Every structure is written in structure tokens, then in C-alpha cells.
Amino acid sequence: MACQTNFKVRCRERSLVVQNPTVEGSRPPEFEVEISGAISAPEAFGASFDAAPSAHALELGEGLEGDPAIAFRRTLGMFATGVTVLSTRVGEQVHGMTANAFMSVSLRPPLVLISIDRRAKMGAMLHEGTRFGVSVLEARQTGLSDRFAGRVADDLPEATFEIVHETPLVEGALAHLVARVVRSYWGGDHSLFLGQVEFARYGEGRPLLFHGGRYERLIEDPHVFSLLPRELLDPILALGEQREYADGQPIMRIGEEGCELLLVVEGEARVERPGLSKSIGPGELIGEIEVLDPGGGRIADIHAVGSVRAIAVSRDQLLAALEADPRAARALIEVLAARFRETA
Ligand code: FAD
């Protein structure tokens with residue numbers, strides 16, 4: 001909340017404050033929250049920390065016309081997020097709703113914040129002391145997102161819930177949290193609930209994303225060279241030198257400059273990065289993107305499982321091979337163009 005207060009001050013200086021037709025007296029009593037104890041507002045943030053801002057007109061930037069509320073919504077839509085299903089239980093009734101207004105707040109104590117439309121049923125079910133679940137959806141769970149957003153279609157999947165800490169969590173999601181509401185705040189036409197996290201876990205996979213009012217996803221495994229026809233790829237690999245790695249030996253580390261492409265010839269290599277842990281074996285390439293953009297650095301730790309034999313092709317050798325065979329360069333451009341098209 002501290003950041004929010006700072007932001008408010010900066011906005012006022014620039015006369016770019018969001019319109020908020022607040023009437024002091026219209027705040028529901030649940031938002032008259034006494035701030036006290038360890039997570040109260042530091043004095044430096046002033047008395048406005050927990051008060052409703054006064055009304056100001058929303059000024060639109062150059063080139064933006066029409067309904068300011070739509071322009072505001074579209075502006076916010078430029079902020080890419082994941083997608084969650086928030087869930088809670090009242091008696092035997094399990095209720096879920098799709099939400100992307102979820103953010104981490106604090107590590108110690110572990111706190112998260114959700115923002116819920118005051119018209120949503122979910123809002124009426126949450127009060128200080130109640131628990132809610134957060135299920136971070138996986139890339140293929142667009143149907144569940146639609147279901148819990150109240151969209152109607154015949155082919156939407158059924159959801160199944162697992163109960164953890166007496167709280168329903170959507171099965172098959174990428175990450176799960178259970179939090180207990182410790183504060184609730186007035187948030188205009190939304191309600192803000194600060195939750196102290198009691199349970200957290202995550203698995204492997206890719207998150208579902210939301211941007212500009214539509215679902216997006218991260219690009220799948222970044223294969224580039226491995227999509228070249230063998231007759232174009234083999235002469236490139238033939239330029240490389242043999243490498244041997246002992247069991248457990250690092251093959252590459254996150255952040256290192258990625259100036260080599262590696263082909264695993266024998267053995268197994270383990271790829272580890274947050275949210276991904278997988279094995280790669282003979283015939284698979286490592287560092288296909290980094291070798292084209294070495295400054296970006298390696299994005300995963302990779303180590304040998306047992307002994308591994310690989311062929312390393314340096315960036316210079318690779319560029320020389322592409323210069324020597326324009327057919328390979330042209331095929332590479334086509335592969336890259338196809339990858340871009342996948343995300344468009
Ligand atoms: P309802 O509209 O009654 O329920 C939502 C849907 O979930 C209904 O179809 C209902 O049948 C189904 N459902 C509920 N419980 C179960 C169950 N146990 N089993 C099976 N189905 C069930 N709104 C916000 O307030 N904040 C946000 O941050 C937010 N982010 C969003 C992000 C995205 C990507 C989308 C698509 C929507 C978002 N919304 C957000 C809108 C919000 O999801 C909808 O307004 C939703 O309908 C509000 O739910 P509700 O609590 O009013 O309940």
C-alpha cells in the first residue's frame with residue numbers, strides 16, 4: 001500500500017489522477033478498518049493512507065479520445081498479468097471467480113492483495129478472518145478462466161477442487177496459495193483484500209497470461225536450429241568441438257553469456273529454472289536462442305546426469321556457416337518468422 005500512496009502523490013503533481021466520484025459517506029462499514037499493529041501505515045505516509053481520494057477528472061494523453069473510462073481500462077490492459085481463480089467456501093458452498101487483480105505484497109509476513117468488483121458475489125463472501133484460495137492458471141486453462149468469469153459456452157471444462165487449509169483450490173493449476181483476510185480496504189468500485197498467506201506451492205508448466213483484454217501465452221520451448229532440415233543443420237554441427245562432462249558437472253549457468261550452441265550426443269542433461277525442470281537427451285540442442293543473442297544471458301542452469309558428451313558450436317562458427325550457406329540462413333529466417341507468427 002505504501003507504493004500506492006506514493007503514486008497518488010506523484011499523480012497529483014501531474015494532474016493525472018483517476019476520476020473517482022467518491023462520496024465519503026458511501027463507503028460500506030467493512031472498509032472502516034482501524035489500521036494498527038505491525039502492518040499499519042508508517043507515519044511518513046500521512047493521514048491519507050487509508051482515506052478515499054477526492055474526485056479529479058481523468059486527463060487522456062494525446063491521441064486518446066472518447067469515453068475516458070474505456071481509455072482508462074485499455075491503458076490498464078497494457079499491464080500484462082497472469083490469471084487466477086479466487087475461491088472460498090461458505091458452509092458447503094464452494095465459490096470461484098476469475099481474477100487478474102492479484103499481487104504479492106510482502107515476504108515477511110507473507111502477504112498478497114486481491115481486488116474484487118463490489119458487484120461480484122465473491123466480495124460478499126470475504127471478510128476479515130475468512131480464507132481464500134488463489135489458483136494460478138496454467139496456459140491451457142483458458143476454459144476454466146472463462147467458466148469462473150461467468151462466460152457461457154457449451155464446451156467449458158468442469159472444475160474440480162482440492163481442499164487445503166479448509167479452502168478450495170482448483171486442481172491442475174500451476175500454483176496455489178491459501179490466505180486469510182487480515183485487512184480489507186475501500187477501493188472505489190472494487191474492494192481490496194489483504195491476505196496473510198498460510199499455504200503456498202507451485203508446480204511446473206507455463207502460466208496463462210492476460211494482456212490487452214485477451215489471453216496470451218509464453219512461447220513454447222525455444223527451438224530454432226533444431227527445426228532446420230538435417231541437410232542444413234549437420235554441416236553447422238560438424239564445425240563444433242567435442243566436450244565431455246562428468247556426473248553433476250555444470251554445463252551452463254543462469255546469467256552466463258550464451259555464446260555457444262550445444263548438441264547432446266550421449267547421456268542426459270538436466271535443465272532447471274524456476275517453474276521448469278526437465279531432462280534433455282541425445283539429439284537435443286541447448287542454447288538455441290542465446291547463441292543468437294548472447295548478451296541476454298543463459299536462462300537456465302544445466303548440469304550433467306551421469307557422463308554427457310556434447311558438441312559445442314561457437315557463435316563465430318555458426319555465423320560463418322550461415323554466411324557460407326545462404327540456404328541455411330534463409331531457412332533460419334523462415335523458422336524465426338514462424339515463431340513470431342505463433343505469438344501474434
Ligand atoms: P459468479 O459470476 O456467480 O461466478 C463466476 C462463475 O463461476 C459463474 O459462471 C459460476 O457458475 C462459476 N462458479 C462459481 N463457483 C463454481 C463452482 N464451485 N463450480 C463451478 N463453477 C462455479 N473481476 C474482479 O472483480 N477482479 C478481477 O481481478 C477480475 N479479473 C478478471 C480477469 C479475467 C481474465 C477475466 C476474464 C475476468 C476477470 N474479472 C475480475 C471478472 C470476474 O471474473 C467476473 O465478473 C465473475 O463473474 C465474478 O464472479 P462472481 O463472484 O460475481 O460470481
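All values below were derived from every heavy atom in this structure, side-chain atoms included, with hydrogens, water molecules and symmetry-related copies excluded. These numbers come from a predicted model, not from an experiment.
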Original post:
For D234 and R230, which heavy atoms make the closest approach, and how far apart are they?
Top reply: OD1-NH2, 2.7 Å
Original post:
Under 4.5 Å between any side-chain heavy atoms of V182 and L111, yes or no?
Top reply: yes
**OP:** Tell me, please, which residues at least two apart from R330 pass side-chain hydrogen bond (donor to acceptor under 3.5 Å, both in side chains).
**Re:** none
**OP:** Tell me whether I114 is reachable from V164 by hopping between hydrophobic residues (I, L, V, M, F, W, Y) whose side-chain heavy atoms are closer than 4.5 Å.
**Re:** no
Original post:
Measuring from I251:CD1 to E256:CD, what's the distance to the nearest 0.5 Å?
Top reply: 11.5 Å
**OP:** Using salt bridge (Lys or Arg N to Asp or Glu O under 4.0 Å) as the criterion, list what pairs up with E166, not counting sequence neighbours.
**Re:** R131
Original post:
Mind checking whether L177 and L174 sit in one hydrophobic cluster, side chains of I, L, V, M, F, W, Y counted as touching below 4.5 Å?
Top reply: no
**OP:** Step by step, work out the side chain to side chain contact (heavy atoms under 4.5 Å, CB included) result for T160 and E171.
**Re:** CA-CA 6 Å; T160 48; E171 283 188 350; 3.1 Å; yes
Identify every side-chain donor-acceptor pair in residues 259-272 under 3.5 Å, counting partners at least two apart or on other chains, and give the distances.
{"from": "E260", "atom 1": "OE1", "to": "R243", "atom 2": "NH1", "distance (Å)": "3.0"}
{"from": "E260", "atom 1": "OE2", "to": "R243", "atom 2": "NH2", "distance (Å)": "2.7"}
{"from": "E266", "atom 1": "OE2", "to": "R309", "atom 2": "NH2", "distance (Å)": "3.0"}
{"from": "E268", "atom 1": "OE2", "to": "S279", "atom 2": "OG", "distance (Å)": "2.7"}
{"from": "R270", "atom 1": "NH1", "to": "S279", "atom 2": "OG", "distance (Å)": "2.6"}
{"from": "R270", "atom 1": "NH2", "to": "S277", "atom 2": "O", "distance (Å)": "3.4"}
{"from": "R270", "atom 1": "NH2", "to": "S277", "atom 2": "OG", "distance (Å)": "2.9"}
{"from": "E272", "atom 1": "OE1", "to": "S277", "atom 2": "OG", "distance (Å)": "3.1"}

Original post:
Same hydrophobic cluster for V335 and L285, using side-chain heavy-atom links shorter than 4.5 Å among ILVMFWY?
Top reply: yes
**OP:** Any chance you could measure L86, atom CG, to M122, atom CE, to the nearest 0.5 Å?
**Re:** 5.5 Å
Original post:
So do the side chains of Q196 and P110 get within less than 4.5 Å of each other, counting heavy atoms only?
Top reply: yes
Original post:
How about R183 and L192: do any of their side-chain heavy atoms sit closer than 4.5 Å?
Top reply: no
Subject >> Between CZ on residue F102 and CZ on residue F132, distance to nearest 0.5 Å >> reply: 7.5 Å
Subject >> Stepwise side chain to side chain contact (heavy atoms under 4.5 Å, CB included) test for L322 and I236 >> reply: CA-CA 8 Å; L322 293 175; I236 297 175; 4.3 Å; yes
**OP:** Would you name the heavy atoms of F225 and L318 that are closest together and state the gap between them?
**Re:** CZ-CD2, 3.5 Å
Original post:
Under 3.5 Å, is there a donor-acceptor pair between the side chain of T130 and the main chain of H127?
Top reply: yes
**OP:** Tell me, please, which residues at least two apart from D316 pass salt bridge (Lys or Arg N to Asp or Glu O under 4.0 Å).
**Re:** none
Subject >> Pairs satisfying salt bridge (charged side-chain N to carboxylate O under 4.0 Å, His left out), at least one member in residues 135-151, at least two apart >> reply: E138-R140, D146-R151, R147-E158
Original post:
Given R206 and E216, is the salt bridge (charged side-chain N to carboxylate O under 4.0 Å, His left out) satisfied, shown in steps?
Top reply: CA-CA 11 Å; R206 287 164 195 280; E216 299 280 0; over 6 Å; no
Original post:
So, does R315 use its side chain to make a donor-acceptor pair with the main chain of L292 at under 3.5 Å?
Top reply: yes
Subject >> Nearest-0.5 Å distance, CZ of residue R327 to CG of residue L332 >> reply: 14.0 Å
Subject >> Side chains of R180 and E198 in contact at under 4.5 Å (non-hydrogen atoms) >> reply: yes
Subject >> Polar side-chain atom of T84 near backbone of A99 as donor-acceptor pair, under 3.5 Å >> reply: yes
Subject >> Smallest separation among heavy atoms of A310 and Y245, with atom names >> reply: CB-CE1, 4.2 Å
Original post:
Excluding sequence neighbours, so at least two apart, what forms salt bridge (Lys or Arg N to Asp or Glu O under 4.0 Å) with D117?
Top reply: R119
Subject >> side-chain hydrogen bond (donor to acceptor under 3.5 Å, both in side chains) partners of Q249, counting only residues at least two apart >> reply: none
Original post:
Does I254 share a hydrophobic cluster with I302, counting links as ILVMFWY side-chain heavy atoms below 4.5 Å and allowing steps through other members?
Top reply: no
Subject >> Expected output: side-chain E288 to main-chain V224 donor-acceptor under 3.5 Å >> reply: yes
Subject >> M125: hydrophobic cluster co-members (side-chain, 4.5 Å) >> reply: V90
Subject >> Contacts of H165 that satisfy ring-ring contact (aromatic ring centres under 6.0 Å, His included) - sequence neighbours left out >> reply: F199
Original post:
Got a sec, which hydrophobics cluster with V152, joining ILVMFWY side chains under 4.5 Å apart, including via others?
Top reply: none
Subject >> ILVMFWY clustering at 4.5 Å (side-chain atoms), partners of V94 >> reply: V83, V85, L137, L144, F148, F161, V170, L208, F210, Y215
Original post:
So which heavy atom on A173 is nearest to which on H176, and how close?
Top reply: CB-NE2, 3.5 Å
**OP:** Using only heavy-atom distances, determine whether the side chains of S307 and E244 contain a donor-acceptor pair under 3.5 Å.
**Re:** no
Subject >> Interatomic distance, I289 atom CD1 to I299 atom CD1 [nearest 0.5 angstrom] >> reply: 8.0 Å
Original post:
When you measure from the side chain of T98 to the backbone N and O of A149, does any donor-acceptor pair fall under 3.5 Å?
Top reply: yes
**OP:** Decide yes or no for P207 and L218: does some side-chain heavy atom of the first lie under 4.5 Å from some side-chain heavy atom of the second?
**Re:** yes
**OP:** Search all heavy atoms of V105 against all heavy atoms of L113 and return the closest pair with its distance.
**Re:** CG2-CB, 3.6 Å
Original post:
Is E65 atom CD crowded by more than 12 heavy atoms from other residues, nucleotides or ligands, each under 6.0 Å away?
Top reply: no
Let me check something: any side-chain donor-acceptor pairs from residues 70-81 under 3.5 Å, sequence neighbours excluded? List them with distances.
{"from": "T75", "atom 1": "OG1", "to": "A71", "atom 2": "O", "distance (Å)": "2.6"}
{"from": "T81", "atom 1": "OG1", "to": "N100", "atom 2": "ND2", "distance (Å)": "3.3"}

Original post:
Is L233 reachable from L336 through a run of hydrophobic residues whose side-chain heavy atoms are each under 4.5 Å from the next?
Top reply: yes
**OP:** Could you pull out the closest heavy-atom pair between G133 and L169, with the gap in Å?
**Re:** CA-CD2, 3.7 Å
Subject >> Atom pair OG1 (T88) and CD (Q93), whose distance is rounded to the nearest 0.5 Å >> reply: 9.5 Å
Original post:
Would a 4.5 Å heavy-atom cut-off, applied to side chains only, mark D301 and M252 as touching?
Top reply: no
